[in-house]
Amino acid sequence: TRFARALLLPASWPIAIKFTLAMVFTALVPMLITAYYNLNGSIDSVSRVELRNLEQLAQSTAGRISQLIGDSRNLADFLGRDQDFVDFLDRPSEPGKAALRAKLQGLTKANPDVQLAMLMDREGTAVVSSDPEVAGRNFRFREYFRAAMAGQPYMTGIVVGAVAGQAGMFYSNPVRNAQGAITGAVVLRILGSSIGKILMEVRQDPSRVPFLVDHDGVIIFHPDPALLYKSLMPLEPAKLAEIVADQRFRRNTIETVGQRELAQVMVGRRAGGNISYRSTVSGTEEIAGYAPVAAHNWMVGVSESRASFEAPSQALFTTVLYSVLVVGLVFLLLAWPLARSIVKPIEDLTAAAHALKNGDYDKATLTVRSTDEIGRLARTFNVMIDVLRQRERERERGARRGAGNP
């Protein structure tokens with residue numbers, strides 16, 4: 001109890017300990033403050049640079065996706081004006097069907113991004129298709145067919161196909177005869193994995209995570225399948241009912257990840273930027289760059305954990321702490337003897353004072369080895385002892401004379 005009480009009362013500590021601690025703290029505290037200040041400055045600087053890098057990476061990725069979408073749209077437009085398709089819809093024949101099937105199959109083999117190509121008549125029936133399982137099926141109620149029959153080229157978002165079961169995009173273009181009448185439609189299905197490949201190139205750095213969000217805030221691409229087709233924020237009931245009804249994602253409901261901060265900057269926006277936020281998925285602080293896909297109403301995002309790019313600075317700070325610890329030990333080894341060299345004469349002086357109190361003049365005499373303030377004090381103490389010893393002798397002589405002794 002006394003020891004604990006003494007620890008809580010620095011005034012009662014020995015001077016050597018207080019002096020040693022004062023020297024150590026005086027040396028180490030500025031080093032620690034400087035290291036901490038440099039750590040925060042370094043992290044802030046690296047964070048700003050990394051945010052710009054992620055934003056630029058998102059912009060370049062969005063640009064490549066836009067190019068893929070544009071190329072696919074141009075291909076669908078070219079096929080819609082292909083004379084072979086125009087002639088076949090005007091004069092259908094089995095030889096013509098076989099020739100067009102071979103042409104479409106050659107197209108899908110030559111273009112790895114095209115999963116399916118088909119020619120539809122005015123009734124919405126796939127009269128020719130690169131996939132034999134699709135030929136003969138009717139798609140008149142599909143939005144892309146209705147848009148083509150209305151004379152407009154059309155492009156869907158990411159749709160999970162009922163036939164192939166894979167994610168993809170549909171492009172449709174009307175086919176017109178020589179008189180300008182619409183006689184059918186050409187439809188292409190582009191693999192969603194082609195967009196995924198572009199996004200996954202971001203993962204050359206494993207710490208970076210690419211994702212793609214549609215205009216409703218639904219994640220339509222993410223390396224983690226568990227997050228696919230979930231919304232950043234809960235959808236409005238009407239929008240949720242619409243998505244479930246058209247079965248674009250083959251889901252009976254759309255769950256949410258509850259990422260409000262991301263939703264605010266990415267959903268319904270047409271400008272890029274960057275953001276720092278706390279992920280509700282990983283539970284850690286993250287940063288992200290985002291950019292719109294010019295050819296669509298999507299938003300590309302590239303996120304990264306703060307810990308991943310702060311790690312070098314934290315490692316450097318840890319090294320500095322180890323260095324401070326070593327310096328502290330060295331300082332302790334140097335400061336303790338110095339403190340003892342100052343305190344030891346004081347202890348000797350205290351012991352001499354006790355001896356003087358007991359009348360032991362011989363033990364009260366100090367050995368002086370320094371010329372500093374404490375050394376001068378010790379000499380003065382010795383002089384005082386000599387004076388006291390002399391007075392003591394004079395009193396003894398006076399006492400003997402008074403007693404008649406010589």
Side-chain angles (χ1 to χ4, degrees), residues 62-63 65-90 92 100 103-104 107-108 111 113-131 134-164 167-192 194-195 212-216 218 220 238-239 241-243 245-249 268 270 292-299:
I65 293 175
S66 293
Q67 183 177 0
L68 173 62
I69 292 173
D71 292 343
S72 301
R73 181 182 291 157
N74 293 336
L75 178 59
D77 180 65
F78 172 78
L79 292 177
R81 292 182 282 107
D82 190 297
Q83 193 62 40
D84 291 340
F85 295 117
V86 175
D87 294 342
F88 177 80
L89 290 177
D90 282 342
L100 287 183
K103 185 172 185 175
L104 292 179
L107 173 67
T108 56
N111 192 330
D113 297 327
V114 179
Q115 180 188 18
L116 172 70
M118 59 182 174
L119 178 65
M120 306 171 70
D121 62 16
R122 289 182 57 83
E123 303 303 320
T125 300
V127 291
V128 183
S129 173
S130 60
D131 185 352
V134 176
R137 299 186 60 170
N138 189 278
F139 300 95
R140 65 182 303 172
F141 297 108
R142 296 293 186 185
E143 185 65 27
Y144 54 79
F145 172 73
R146 295 201 300 265
M149 296 311 295
Q152 298 295 326
Y154 188 79
M155 173 181 62
T156 70
I158 292 291
V159 176
V160 179
V163 178
M169 296 177 63
F170 285 95
Y171 295 81
S172 65
N173 268 73
V175 178
R176 302 176 185 271
N177 60 18
Q179 290 74 39
I182 299 174
T183 57
V186 169
V187 177
L188 295 180
R189 178 181 170 84
I190 303 301
L191 287 167
S194 296
I195 297 173
L212 188 64
V213 177
D214 69 8
H215 65 289
D216 295 319
V218 178
I220 55 178
K239 176 57 65 175
E242 175 189 332
I243 294 175
D246 64 25
Q247 283 293 289
R248 70 186 71 167
F249 304 127
R270 299 306 300 166
V293 177
H296 215 296
N297 52 13
W298 297 337
M299 189 73 78

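If you take CD on Gln179 and CG on Asp90, they are separated by 7.5 Å, rounding to the nearest 0.5 Å. Between the CZ atom of Arg142 and the OG atom of Ser172 there is a distance of 12.5 Å, given to the nearest 0.5 Å. Summarising the geometry, atom CD belonging to Gln115 is positioned 10.0 Å from atom OG1 belonging to Thr108; distances are rounded to the nearest 0.5 Å. Atom CG of Asn297 and atom CE of Met155 lie 7.5 Å apart (nearest 0.5 Å). The line from CG of Leu104 to OG of Ser130 is 6.0 Å long, rounded to the nearest 0.5 Å. Annotation: the span from Met169 atom CE to Ile190 atom CD1 amounts to 8.0 Å, rounded to 0.5 Å.
More than 12 heavy atoms of other residues, nucleotides or ligands lie within 6.0 Å of CD in Gln247, so this atom counts as buried by the packing criterion.
In this structure, the side chain of Arg146 engages the main chain of Phe141 through a donor-acceptor pair within 3.5 Å. The main-chain N or O of Val293 is never found under 3.5 Å from a side-chain atom of Ser66 such that the two would form a donor-acceptor pair.
Salt-bridge annotation for Asp77 and Arg73: absent, with no side-chain N of the basic residue lying under 4.0 Å from a carboxylate O of the acidic one. Using a 4.0 Å cut-off between charged nitrogen and carboxylate oxygen, Arg248 and Glu143 do not count as a salt-bridge pair.
At a threshold of 4.5 Å between non-hydrogen side-chain atoms, the residues Ser194 and Leu68 count as touching. Taking the side chain as every heavy atom from C-beta outward, Ile220 and Val213 never approach each other to under 4.5 Å. Between Tyr171 and Thr156 there is no side-chain heavy-atom pair separated by less than 4.5 Å. Contact annotation: the side chain of Leu75 approaches that of Leu107 to within less than 4.5 Å [non-hydrogen atoms, C-beta and beyond]. Annotation: side chain of Ile65 is in contact with side chain of Trp298 (closest heavy-atom distance under 4.5 Å). Side-chain atoms of Val187 and Phe170, non-hydrogen and from C-beta on, do get closer than 4.5 Å to each other. The shortest distance between side-chain heavy atoms of Leu100 and Asp84 falls below 4.5 Å. Using a 4.5 Å heavy-atom threshold, the side chains of Val86 and Asp82 count as separate.
For Arg122 against Phe145, the heavy-atom pair with the smallest separation is O-CZ, 3.4 Å. A pairwise comparison of heavy atoms in Ala126 and Val134 identifies CB-O, 3.8 Å as the closest pair. Nearest heavy-atom pair, Pro174 versus Ala148, reported as atom, atom and distance to 0.1 Å: CB-O, 3.2 Å.
Residues Thr183 and Asn177 have side chains that never bring a donor and an acceptor to within less than 3.5 angstrom of each other.
For the pairing with Lys239, the salt bridge (Lys or Arg N to Asp or Glu O under 4.0 Å) check across Asp246, Asp216, Asp214 returns one residue only, Asp216.
Aromatic rings from Tyr144 and Tyr154 are positioned such that their centres are separated by 6.0 Å or more.
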